[in-house]
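In what follows, a single structure is set out as structure tokens and then discussed.
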Amino acid sequence: MEVAQVISLSPARHRDDVLPGEGVLPVLPALAGLLPAGGLARGSVVTTEVFGLLSLALAADAVADGAWCAIAGVPAAGVRAAADAGLDPARLVLIPEPGRGWPQVVASLLDGFDIVLLCPPEPPPAQLRRKLEAAARRYGSVLLVAGDWPGAQTRLQVTGEEWTGLGAGHGRLRARKAQVVASGRGAAERPRSCWLWLPGPDGSVTVAGSVTAIGGAAGMSGAAGMASAGAQRMISSG
Amino acid sequence: MSAVSTSPAPTSAVPTSALTSAGQRRVLVLRCPDWLTGDEQEPGAAARAFEPVLAIVAEFCPQAEVLRPGLVAIAARGPARYFGGEEALAARLTEAVSRAEAFSQPGIDCQPGIDCQAGIADGLFAADLAARSGPAGLVIPAGETPQFLATVPVAALRCAELLFAVSGLPELTELLPRLGIHTLGEFAALPEAEAGSRFGAQGLIAHRLARGLDPRPLAPHPPRVDLSVEQAFEPAAEQSEPVVFTAKALADTMHARLAARGLACVRVKVQVVCADGRESSRLWRHDGLLSALAVAERVRWQLDGWRGGGPGPAGDAAPADGSGGITLIRLVPDQLVRATGHQLSLWGDAVVSDRVARAAIRVQAMLGHAAVTRPVLSGGRSPAEQVLLAPFGDTAVPSRPADQPWPDRIPAPAPATVYPQPQPASVTDSAGRVVSVSGRAQPSAPPAWLTAGHGPARAITCWAGPWPVTQRWWDPDHACRQARFQLITDDGSAWLAVLQDGRWLVEARYD
């Protein structure tokens, strides 16, 4: 079954096609400043560089708001960490091994779930990416990709991290202070960065520093600068 | 309810001549306590494991009604005539089931041979109580059911809650003894109108049950229209997943047709026809309570049991291998009653929106039933133990409650990456020797290098541990002694590593 067939098989249209930015799913207050729309725009693709707590935290507030989330291709997703970050496991469905037909699986999931968190088993070719992007737009869902996705509206990246609480032979992991850099296309073209507790001592995700726009003179760290340059390069090549 | 006392209703679509003088059909109930006592961790697996017993029952009567896994009812009159009396039927049936081979039953501890009890009486409720009486059950002669029920304590009404999916009866069983009504006979002696006005709808149901009647009358004028729905498969479906997916859509249509006429069905009959002409037909209790998803679930159980081809004798249940696939599925609503407005809440299905259920079932149709899971937080000490994954549509009740204290569990924050199978790893000290932990929970040397899986060796900058855990020492199969460490490597990653039986494993990663 092709992706296009899955889409055409959908028995009823639930919503009309959604343009990016038309509907916005809420995100945790700590992450709102990083995203150009202040949330996850329906029909858009948002990427994180790798799978991690950041991916789970992005979906948390929307699920608390009543949305359903599917996680495909991540057998090691930590549900306890997701729950501590605010993602209610009662509205979470896991597809750990989507198999070789994963594009069809993802297209089906986009039809039913508001948020689909995907870790692609292999880098998808451009044609397939465009089809899945079209499916997300059509159903008004958000595709969160853990990995590279050249057409993404927003890219998030953890560029610096520091754990606290653990010493040489004593203590325990208590919290991680992480710098997250957001870049992307359109309104998100100017990279922003933010220090977050990712996670905080109780597992939640909160702000540890203010949002700054990178490109100004102050507050530009080397790592963030590299991310910004990388984002620019991808934009110009895409 | 005015027609209640004048026209007691049959519970099955059997001809009226099969009814006793009291207007009740003879019912045999077979109970298998192995399925009924265990906590229902996986109803899907229990239903599949019960299928071989059903195959045996089907030899006696093809129209067996599954009330739930472990509890079957059949109309007793026909088989009793064939086998030479009701006692002979009950004895033969219990013997056949108790001699059955031990099946492979995930989650159910069952010795070779299956415990079972059979009871025969007028009506389902009395037959269930008769099956519970005595080690092998009782046969209550026709017409003596009211006398049998008269001596039963009112607490027995609790059993009806499972049989008929009516709620509110436990409260009644607590209230009645305080009012001086201790047996069903005393309750039945009250005028019906008084029972209704004093105890409400539950009181009326309980009063009907106490008199040996079924809890609600059938619709006075069953509609003549055919409300069954069916779908043919061309070409035949080899896999059960597309059939289950179709069944959900069919159930939706069936429910819509019933609802349009203000009806609900007590039972739904699922018929599946194979390309070689064989047919599997089962009745499932519905009571207007099952959502479309739950009906599809029962279709799956039926197909799994049929295709699994248990070791039971060949009834209508035979392995469908080489049968050429499934060509037709039909859902027939059985015993129409007036819909009284139930919420679709059985097994928590109502919280799953239709849109989500359809997408999840479609993915299950592609990947298989167990490939789509819902997580349930559970208790436990290691991160992997703290989440239980249940296939979408099944219910999971964690055997380790999450709200109990779990001393020695890893404190918050929880790791975002929890490997389903811990990854092999190696932790060495600065001299390259593998770090070990003594019986007094002292590491042999500070850990200096971590190699996780096939990754490169990374220098450990911070660490803490060992935190020893000794679990289930009373159970040799599950006993384990572990020592956990938290490690931070020079690339900034944080890891949860564990030393068990001299081997290092990485359980989780904080990222």
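Residue numbers begin at 1 in each chain, while the letters A, B, ... track the order of the sequences.
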Taking A/R138 first and then A/D111, would you say they form a salt bridge - that is, a charged N and a carboxylate O separated by under 4.0 Å? no
For chain B, find which of A/E162, A/R176, A/E97 contributes the most heavy-atom pairs closer than 4.5 angstrom. A/R176
Against chain A, label B/L487 side chain, backbone, both or neither, depending on which of its atoms sit under 4.5 Å from a heavy atom there. backbone
I'd like to know which of A/G169, A/A82, A/P199 tops the heavy-atom pair count under 4.5 Å against chain B. A/G169
Determine the option with the most heavy-atom pairs under 4.5 angstrom with chain B, choosing from A/P98, A/G167, A/G101. A/G167
Using every non-hydrogen atom in the two residues, find where A/R174 and B/P413 come nearest and quote the distance to one decimal. O-CD, 3.3 Å
Pair B/W467, B/Q486: side-chain N/O donor-acceptor within cut-off below 3.5 Å: no
Using a heavy-atom cutoff of under 4.5 Å, enumerate the residues of residues 440-449 of chain B that contact chain A, numbered in order, or state 'none'. none
Closer than 4.0 angstrom, basic N to acidic O: yes or no for B/R300 and B/E241? yes
Under 30°, 30 to 60°, or over 60°: which ring-plane class applies to A/W68 and A/F113, parallel, tilted or perpendicular? perpendicular
Can you confirm whether A/Q127 is buried at CD, in the sense that more than 12 heavy atoms of other residues, nucleotides or ligands lie under 6.0 Å from that atom? no
Minimum heavy-atom separation for A/A30 and A/L196, please, with both atom names. O-CD2, 3.6 Å
Do B/R484 and B/Q482 meet the criterion of a side-chain donor-acceptor pair at a distance under 3.5 Å? yes
Which atoms of B/L367 are under 4.5 Å from chain A, going by heavy atoms: the side chain, the backbone, both sets, or neither? side chain
So which of A/L56, A/V79, A/D84 has the largest heavy-atom pair count under 4.5 angstrom toward chain B? A/V79
Students often mix this up, so state it plainly: with edges at 30° and 60°, are the rings of A/W163 and B/Y510 parallel, tilted or perpendicular? perpendicular
Among B/V244, B/T246, B/D252, B/L250, which residue meets the side chain to side chain contact (heavy atoms under 4.5 Å, CB included) test with B/K248? B/D252
Select, from B/P411, B/G465, B/A384, the one with the greatest count of heavy-atom pairs under 4.5 Å involving chain A. B/P411
Quick one: closest heavy-atom pair of B/L505 and B/P422, and the distance? CB-CB, 3.8 Å
Heavy-atom pairs under 4.5 Å with chain B - which of A/P96, A/G200, A/A168 has more of them than the others? A/A168
Sort out for me which residue in A/L117, A/V93, A/I115 forms a side chain to side chain contact (heavy atoms under 4.5 Å, CB included) with A/I71. A/L117
Is it the backbone or the side chain of B/V372 that comes under 4.5 Å from a heavy atom of chain A, or both, or neither? both
Checked B/P466, B/A464, B/P415 vs chain A; the most non-hydrogen pairs under 4.5 Å come from B/A464
Quick one: which of A/A81, A/A76, A/G52 has the most heavy-atom pairs under 4.5 Å with chain B, could you say? A/A76
Looking at chain A, which one of B/V363, B/V418, B/I488 has the largest number of heavy-atom pairs inside 4.5 Å, strictly under? B/V418
Which atoms of B/P375 approach chain A - backbone, side chain, both or neither, heavy atom under 4.5 Å: both
